[in-house]
Amino acid sequence: MTTALPVAPHTDAAPSGLGRTLLEKDELDMAPEDAAGLQWLDALATPLWLLRPDGLTVWLNGAARALIGLEHDAPAAAVRVSLSSRFPAALEQAAAGRTVDARATVHAPLTLPLEVDLRLVPAPRPSGLILAEAPADSGARQEMMRLNEQLIALSYAYPDIRFELLRDGTILDFAAASPGDLNVPAERFLAHRVQEVLPDPAAGMLAAALGRLNEGQTVIGLDFSLPPPSGSAGDTKFFEARLVALPDSDRVMCSIRNVTERVEAERAARRAHHLLSDAIECITEGFVLYDAQDRLVLCNGRYRELFSANTDLITPGASFEEVLRGGVERGVYRVPDGDLEGWVERRIEQHRGAGPPMEMELHDGRWIRIEEWRTYEGGTVGIRADITDLKAREAELSAARDEAEQANQRKSDYVHHLSHELRTPLNAVLGFAQIIHDEMMGPNNPRYREYAGQIAAAGVYMLDLINNLLDLARIEAGRMDLHEEACNLSLLVDLTFGMMQPRACEAAVTLCMEIPDDLPSLHGDASQIRQMLTNLIGNAIKFSPPKDGCVRVRAELTEDGGIALTVADNGIGMRPEQIPVALDAFGQVHGRNQGQNNQGRDRAAERGSGLGLPLTRALIALHGGTFHIDSRLGAGTTVRLTFPPCRVGGGMQRP
């Protein structure tokens with residue numbers, strides 16, 4: 001359209017605004033009323049220029065300034081309009097009075113050249129000037145062109161490959177910083193369908209996505225990978241694609257981004273994570289990690305096994321306090337009665353402070369060693385080790401240490417008793433021998449014979465003591481041999497009674513034997529069986545009451561086919577707590593002179609060394625049997641020797 005210059009009414013007022021600026025700078029030779037008329041054009045939305053035939057601008061309104069980005073105070077003469085080569089004489093034709101449409105480039109300081117369509121008409125006044133008018137949509141079209149250029153520039157600046165497609169996949173346009181990423185020459189991207197250009201599997205996936213867009217979807221995202229071209233040594237590439245259907249159009253915008261580096265980095269991170277997870281899972285101890293907020297991040301299977309009753313609470317995100325209190329409520333930990341809350345608070349404080357290692361007992365008797373450390377980010381990493389076996393070994397070592405200390409004490413007592421037992425009869429031997437040697441009671445004194453008997457008795461006692469000690473030592477060392485044969489228990493008991501009868505008569509003790517005639521023979525060492533009988537019968541005689549004392553020896557078959565040999569007396573007996581003492585070497589439950597039959601005498605034959613019962617127990621164990629003693633104070637003692645079934649019959653029965 002053509003805009004006519006309005007004619008302003010005459011006024012004496014001085015022109016203001018742009019007109020005043022032009023007049024003051026004497027850029028135009030026009031009447032004041034002409035300059036004042038330009039003020040009405042300044043407010044129009046249509047960009048307007050007043051040009052000289054050489055293209056120099058003498059005036060432009062606010063819309064023209066905004067279009068080219070010219071500062072408000074910049075002089076109009078700084079703007080120049082040049083026509084394209086297709087319209088070289090357009091300005092001259094307009095100056096001659098014709099209306100001309102032409103393509104022009106506007107040059108202004110500090111702005112980029114701007115191409116715009118202009119309509120050129122002669123200005124009504126002042127004469128010789130040309131009025132240039134941009135069409136009403138020229139600014140919007142120019143802005144769209146500028147945005148389009150920026151979009152194209154941004155397309156090349158970003159790594160995505162962008163396609164403009166029709167709904168059937170035909171490529172209308174594309175922009176790519178690296179077209180070779182898709183292993184396709186760039187010239188194939190135009191005038192072809194995208195599903196025909198791209199290799200599989202991308203082609204099939206994009207074709208399926210286009211079909212879904214045609215069915216009504218508006219946005220589709222997908223991932224695909226492309227193998228290297230045949231014969232190429234490259235690696236597989238990975239891509240993300242996004243298709244957007246443009247509304248009110250049959251076009252589709254498709255962007256494809258090469259995410260190979262990201263995928264490989266993610267894969268490397270996953271591999272590292274799996275490697276770390278596998279390593280943590282292979283740890284024999286329980287492993288747990290809490291973040292800076294004390295929330296559980298991860299733990300291994302061993303940790304869950306140690307606290308299996310609490311597994312449902314051991315989940316990522318659960319706080320340490322929640323897991324701990326849940327375990328306490330379920331009885332996982334052994335907590336002191338009456339101190340539950342204090343125990344929980346101390347454990348939380350120890351956890352948050354990552355203090356020294358601690359040991360904790362679980363309710364099922366297991367022991368757990370806990371070690372915790374703070375991470376750089378403020379989290380907590382912990383190790384839980386099952387030390388139940390270690391605790392058991394510590395207890396065993398402690399018991400062994402106590403036993404060794406007791407054994408050492410017993411050894412000291414043993415040596416003390418042994419020296420005492422040997423020194424007492426030896427002193428008697430030396431004393432009586434000296435008396436006889438010196439004839440201190442005169443020559444051929446009848447008492448010398450009694451002293452010689454005392455010397456002989458003391459010698460027999462010491463010999464028996466030494467033999468018993470040697471037998472015990474050989475048994476403990478595993479060097480005692482058995483000379484086995486079929487033994488008749490009735491005969492062995494009868495022989496033992498014959499040997500012990502003088503002592504029994506002197507103590508007024510009755511010896512009784514209760515052995516069935518049809519009792520099978522016993523396969524064993526006859527001398528050792530007699531030794532066991534001698535020890536038991538001798539003890540029974542010594543501690544039986546005089547005159548009405550009775551020692552009873554009984555033999556019978558057991559339910560499992562073995563033979564039980566029992567020696568019982570009605571003597572002074574023992575309290576239950578004294579029995580272990582009696583079974584210890586040199587154990588003396590009663591004083592040396594407490595035997596009722598001693599009658600105040602300390603004869604060597606009637607003294608006890610304390611080795612009889614321990615030696616008997618060792619000998620029956622050597623035969624594979626068992627030893628049991630039952631005694632009550634004032635009611636007598638019963639010792640039961642049980643031989644296994646394999647020793648009953650004509651000969652030793654091997655399994």
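Remember, it's a predicted structure, so these values are computed and weren't measured experimentally. Throughout, numbering of the chain's residues begins at 1 and tracks the sequence.
Within the structure, the salt bridge (charged side-chain N to carboxylate O under 4.0 Å, His left out) test picks out the following pairs touching residues 313-331 (sequence neighbours left out): Asp312-Arg330, Glu321-Arg325, Glu321-Arg352, Arg325-Glu341. For residues 190-202, the set of pairs meeting the salt bridge (charged side-chain N to carboxylate O under 4.0 Å, His left out) definition, not counting sequence neighbours, comprises Arg193-Glu196. For residues 266-277, the set of pairs meeting the salt bridge (charged side-chain N to carboxylate O under 4.0 Å, His left out) definition, not counting sequence neighbours, comprises Arg262-Glu266. Sorted by first and then second residue, the pairs that involve residues 272-293 and meet salt bridge (charged side-chain N to carboxylate O under 4.0 Å, His left out), not counting sequence neighbours, are Asp291-Arg295.
Not counting sequence neighbours, Glu345 has no partner by the side chain to side chain donor-acceptor pair (under 3.5 Å) test. The ring-ring contact (aromatic ring centres under 6.0 Å, His included) search around Trp367 returns none, not counting sequence neighbours. Not counting sequence neighbours, the partners of His351 by the ring-ring contact (aromatic ring centres under 6.0 Å, His included) test are Tyr290, Phe320. Among residues two or more places apart in sequence or in another chain, the side chain to side chain donor-acceptor pair (under 3.5 Å) test is passed with Thr375 by none. Remark: Thr315 engages no residue in a side chain to side chain donor-acceptor pair (under 3.5 Å) (not counting sequence neighbours). Under the rule for a side chain to side chain donor-acceptor pair (under 3.5 Å), Ser308 has no partner lying at least two apart in sequence or in another chain. A search for ring-ring contact (aromatic ring centres under 6.0 Å, His included) contacts involving Phe307 returns Tyr303, not counting sequence neighbours.
Taking CD1 of Ile383 as the start and CG of Asn300 as the end, the distance is 7.5 Å to the nearest 0.5 Å. In this structure, CG in Leu198 is found 11.5 Å from CE in Met205, a value given to the nearest 0.5 Å. Interatomic distance, CD1 of Ile130 versus CZ of Arg52, reported as 11.0 Å (0.5 Å rounding). For the atom pair CD (Glu377) and OG1 (Thr380), the distance works out to 12.0 Å, reported to the nearest 0.5 Å. Atom-to-atom distance recorded for Arg119:CZ and Leu131:CG is 11.5 Å, nearest 0.5 angstrom. The structure places CD of Glu115 at 5.0 Å from CZ of Arg103, a figure rounded to the nearest 0.5 Å.
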Check the pair Trp343, Leu324 against side-chain contact (heavy atoms from CB on, under 4.5 Å), reporting the backbone distance first and the verdict last.
-> CA-CA 11 Å; Trp343 185 91; Leu324 179 66; 4.0 Å; yes
Candidate pair Cys299 and Ile314, rule side-chain contact (heavy atoms from CB on, under 4.5 Å), full reasoning | CA-CA 8 Å; Cys299 64; Ile314 305 174; 3.6 Å; yes
Would you sort out whether Ile68 and Leu60 count as a side-chain contact (heavy atoms from CB on, under 4.5 Å), showing the intermediate values?
-> CA-CA 11 Å; Ile68 63 176; Leu60 71 169; 4.1 Å; yes
Run the numbers on Arg302 and Thr284 for side-chain contact (heavy atoms from CB on, under 4.5 Å), then give the verdict.
-> CA-CA 7 Å; Arg302 180 56 177 159; Thr284 56; over 6 Å; no
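By the 4.5 Å heavy-atom criterion applied to side chains, Leu48 and Trp59 are counted as neighbours. Contact check for Ile280 versus Leu289: no side-chain heavy atoms found under the 4.5 Å cut-off. With a 4.5 Å cut-off on side-chain heavy atoms, Asp235 and Thr260 do not count as touching. In this structure, the side chains of Val116 and Val81 stay at 4.5 Å or more apart for every pair of heavy atoms. Contact annotation: the side chain of Ser82 approaches that of Thr105 to within less than 4.5 Å [non-hydrogen atoms, C-beta and beyond]. Here the side chains of Glu394 and Ile387 are not in contact, with every heavy-atom distance at 4.5 Å or above. Under the 4.5 Å side-chain criterion, counting only non-hydrogen atoms from C-beta, Glu164 is not in contact with Ile171. Side-chain contact check for Arg366 versus Leu306: some heavy-atom pair is nearer than 4.5 Å.
The two residues Ala132 and Leu51 come nearest to each other via the heavy atoms CB-CD1, 3.8 Å. The heavy-atom pair separating Val79 from Ala108 by the smallest distance is CG2-CB, 4.2 Å. Contact between Ala78 and Pro109 at its shortest, heavy atoms only, is O-CD, 3.5 Å. The minimum heavy-atom distance between Ile256 and Ala241, with the atom names listed, is CG1-CB, 4.1 Å. The two residues Leu91 and Asp54 make their nearest non-hydrogen contact at CD1-C, 4.3 Å. Of all the heavy atoms in Leu165 and Gly169, the pair that sits closest is CD2-O, 3.8 Å.
In this structure a side-chain-to-backbone donor-acceptor pair under 3.5 Å is present from Ser277 to His273. Proximity of a side-chain donor or acceptor of Gln350 to a complementary backbone N or O of Pro356 within less than 3.5 Å is detected.
In this model, no donor atom of one side chain and acceptor atom of the other lie less than 3.5 Å apart for Arg80 and Thr57.
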Acceptor/donor pairs from residues 214-227 side chains to any protein atom, 3.5 angstrom cut, sequence neighbours excluded:
from, atom 1, to, atom 2, distance (Å)
Asn214, ND2, Arg167, O, 3.3
Asn214, ND2, Leu210, O, 3.2
Gln217, OE1, Arg212, NE, 3.3

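Results of the side chain to side chain contact (heavy atoms under 4.5 Å, CB included) test with Arg384 over Glu305, Glu372, Arg369 single out Glu372 as the only residue that passes.
Counting non-hydrogen atoms of other residues, nucleotides and ligands closer than 6.0 Å to CZ of Arg98 gives a total of 12 or fewer. Environment of CD in Glu92: sparse, with no more than 12 heavy atoms of neighbouring residues, nucleotides or ligands closer than 6.0 Å. Within 6.0 Å of atom CZ in Arg242, 12 or fewer heavy atoms from other residues, nucleotides or ligands are found, so the atom counts as exposed in its surroundings.
Using a 4.0 Å cut-off between a side-chain N of Lys or Arg and a carboxylate O of Asp or Glu, Glu359 and Lys391 qualify as a salt bridge.
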